[in-house]
Amino acid sequence: MFIRLNILFFHSTVIYHLLSLLSERPPHLLSLLSERPPMAAANHSPSSPYSCGKDSGPVIPTTSLVTFLERIQETAFQTYERSKFDHKDFIDLSLKFDLSTTVKAFDEISKTENGSVSTKDFEEFIGKWFKSAGEDLVYVEPMDFETEPHGFLPKVENPEVRAWALEVHGLWKKLSREVSSSVHDHPELHTLLPLPVPGMIPGSRFREVYYWDSYWVIRGLLASKMHETAKAIVTNLISLLDTYGYVLNGARAYYTNRSQPPLLSAMVYEIYNRTGDVDLVKKALPALLKEYQFWNSEIHTMIIHDAENCNHSLNRYYAMWNKPRPEASAIDKRFASKFLNVNEKQKFYRELASTAESGWDFSTRWMRNPSEFTSLSTTTILPVDLNAFILRMELDIAFFAKIVGEDAIAEDFLTASHTRKKAFNSVFWNENMGQWVDYWLNYGAEPKEPQTWEAQNQNQNVFASNFVPLWIDLFNSDTPLVEKVTRSLQSSGLLCAAGIATSLTNSGHQWDFPNGWAPIQHMIVEGLWRSASIEARKVARDIAERWIRANYVAYKKTGTMHEKYNVEKCGEYGAGGIYRPQTGFGWSNGVVLTFLEEFGWPKDQNIDCN
């Protein structure tokens, strides 16, 4: 325990300096920094999903409405054919009348032994007592949208590509929403959470604001010269952080038990880089320090003792939930039915929610046994990309603190970033592979105690996440390192006709082969492009062009942008997972516009797959 306290002393020192330096600030600002997130105040010790004993990790309670809507979702699951059922549609319903009256009416419906009702009776009940999913969001025209902004994508010279880019730009109008007045006036009738200003949704079934999606949406908005809309997204995320102590997975009551990859600091950095808005930095800095505290709380941190007798504090995903995810409750229960006792089910449910917190839901990356979905063990993994995001947060906070004159905070966080970089070298780096890889925590080990680093605990399977650290300037500024990692990427098997595959395993899960995702393409491409390596920059341009072609051809075939793409086949959208492929689509739009802004498209260069 002494070793752990010694390692965590640095994080306490950062917060102490912050409180000291801001002691003369207005009280409301100070309270944001001294207040601990709800989960951090509890003295819980999270169990390994494979250890004996009770699951004793923290649980954030949900609302009575969410609990009731899970019953509605289960009834729908029993009533409809599986192919016609989307579990999220029923948890997103809002009430026309008060909850107790609606529950009483539902209890009076005639049901069979398995809980189903006739399709006619069920649909009549839904129509009478509920507003449709998504009805509590209202379309609003973005304040700064222009059909063709001045200076839009100047490097795109090909008229065909430019026309398409303007169509993608136009999709921001279709994805713009604000929360209805009913959500503000009667929040008890909705699972949607109130937000202060309009924002952007990803699209289709994802009809609310999401955390990590927002980074790539913002990148696209900046390419579209929509700076005020980009700032509004940050305002909404800071509002969630101020309310809950962390940025939620999404703006729904059922997402209050987990976050998502922490990219708020990166959003603020990109907006400041375009606009020079110091007021935004001043507004964001206290919130970012609060978020940093959340991700370095006890449930998210583990200590690894390396071969050189050094201790490293690193982070993991750990949702504050051990029940079926409300948005997928009916399906989660079916997966958990193989477990014999309540404790095993609770551990599995925590792994499901923690995997959703990672954004990679689902992938063999998180499974002890890649062929068995119920072997999910996300809480026993130190993910390389999560720690890269937190490294980015440390660098961003140091940068912001310098801007506003908080030099001591800047120095503390710069020190933290260099400390974490050493941990990357000791814990995640695999010299033989030329990649950074996830680290498995020991089976059955006590999380409260330091664990000794073992080479066999590195996950040597190839995932696109192994290359995400390239996105961080501390790594992409090291040219010999970049060239080694570039060669590894080229020989990894991940580079395909239409972009970077998420893994090499064709499991049927959506974050595995052959799917490629816009965020992954962007982080790796941008990391390679920012380097001084000629070869790395050449590879970056090649991947970006493949991805642009794939998006363009799929758009021409289907008339829409997609959530994910099949990188084996140029112009084919992705599949797999527990819901139908989605369109819209926020981060795909953002990455295409970002790539076109950076790389352009020559006048005479063909855009088709061939």
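Just so you know, residue 1 is the first one in the sequence shown, and it goes up from there.
Checked against the 6.0 Å centroid criterion, the rings of F475 and F424 qualify as a close aromatic pair. Ring-centre distance between F206 and Y579: below the 6.0 Å cut-off. Residues Y292 and F413 place their aromatic rings such that the two centres sit under 6.0 Å apart. You'll find the ring centres of W511 and F463 outside the 6.0 Å limit.
For the residue pair T378 and T355, a side-chain donor N or O sits within less than 3.5 Å of a side-chain acceptor on the partner. A donor-acceptor contact closer than 3.5 angstrom links the side chains of E160 and Y552. A donor and an acceptor atom, one from each side chain of D396 and S265, are located under 3.5 Å apart. Side-chain atoms of T364 and D512 form a donor-acceptor pair, as typed in the model, at a separation below 3.5 Å. Side-chain N/O atoms of S588 and E563 include no donor and acceptor closer than 3.5 Å. When only modelled atom types and interatomic distance are considered, S224 and W172 share a side-chain donor-acceptor pair under 3.5 Å.
The pair D407-K402 counts as a salt bridge, with a side-chain nitrogen and a carboxylate oxygen less than 4.0 angstrom apart. Salt bridge R274/E270: absent, no basic N to carboxylate O contact under 4.0 Å. By the 4.0 Å N-to-carboxylate-O rule, K88 lies close enough to E208 to be salt-bridged with it. Look at E141 and K173 and you find a salt bridge, because one of the NZ, NE, NH1 or NH2 atoms lies within 4.0 Å of a carboxylate O, short of that distance. Salt bridge status for K422 with E308: absent, with no side-chain N to carboxylate O gap under 4.0 Å. The existence of a salt bridge linking R162 and E148 is confirmed by a sub-4.0 Å separation between a basic side-chain nitrogen and an acidic carboxylate oxygen.
Here the options are H300, E351, R316, the test is side-chain hydrogen bond (donor to acceptor under 3.5 Å, both in side chains), and the partner is T379; only E351 passes. Each of V468, N315, I381 was scored for a side chain to side chain contact (heavy atoms under 4.5 Å, CB included) with L386, with one residue passing: N315.
Distance check, rounded to the nearest 0.5 Å: CG of D306 to CG of N311 gives 7.5 Å. Atom CD of residue E167 and atom OG1 of residue T560 lie 11.0 Å apart, to the nearest 0.5 angstrom.
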Criterion salt bridge (charged side-chain N to carboxylate O under 4.0 Å, His left out) on D542 and R546, from CA distance to verdict: CA-CA 6 Å; D542 178 61; R546 295 185 196 198; 2.8 Å; yes
Going through the checks in order, is the salt bridge (charged side-chain N to carboxylate O under 4.0 Å, His left out) test met by E146 and K225? CA-CA 9 Å; E146 295 179 16; K225 314 298 183 183; over 6 Å; no
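In this structure, R365 is positioned above the aromatic face of W360, its NZ or CZ under 6.0 Å from the six-membered ring centre and within 45° of the axis.
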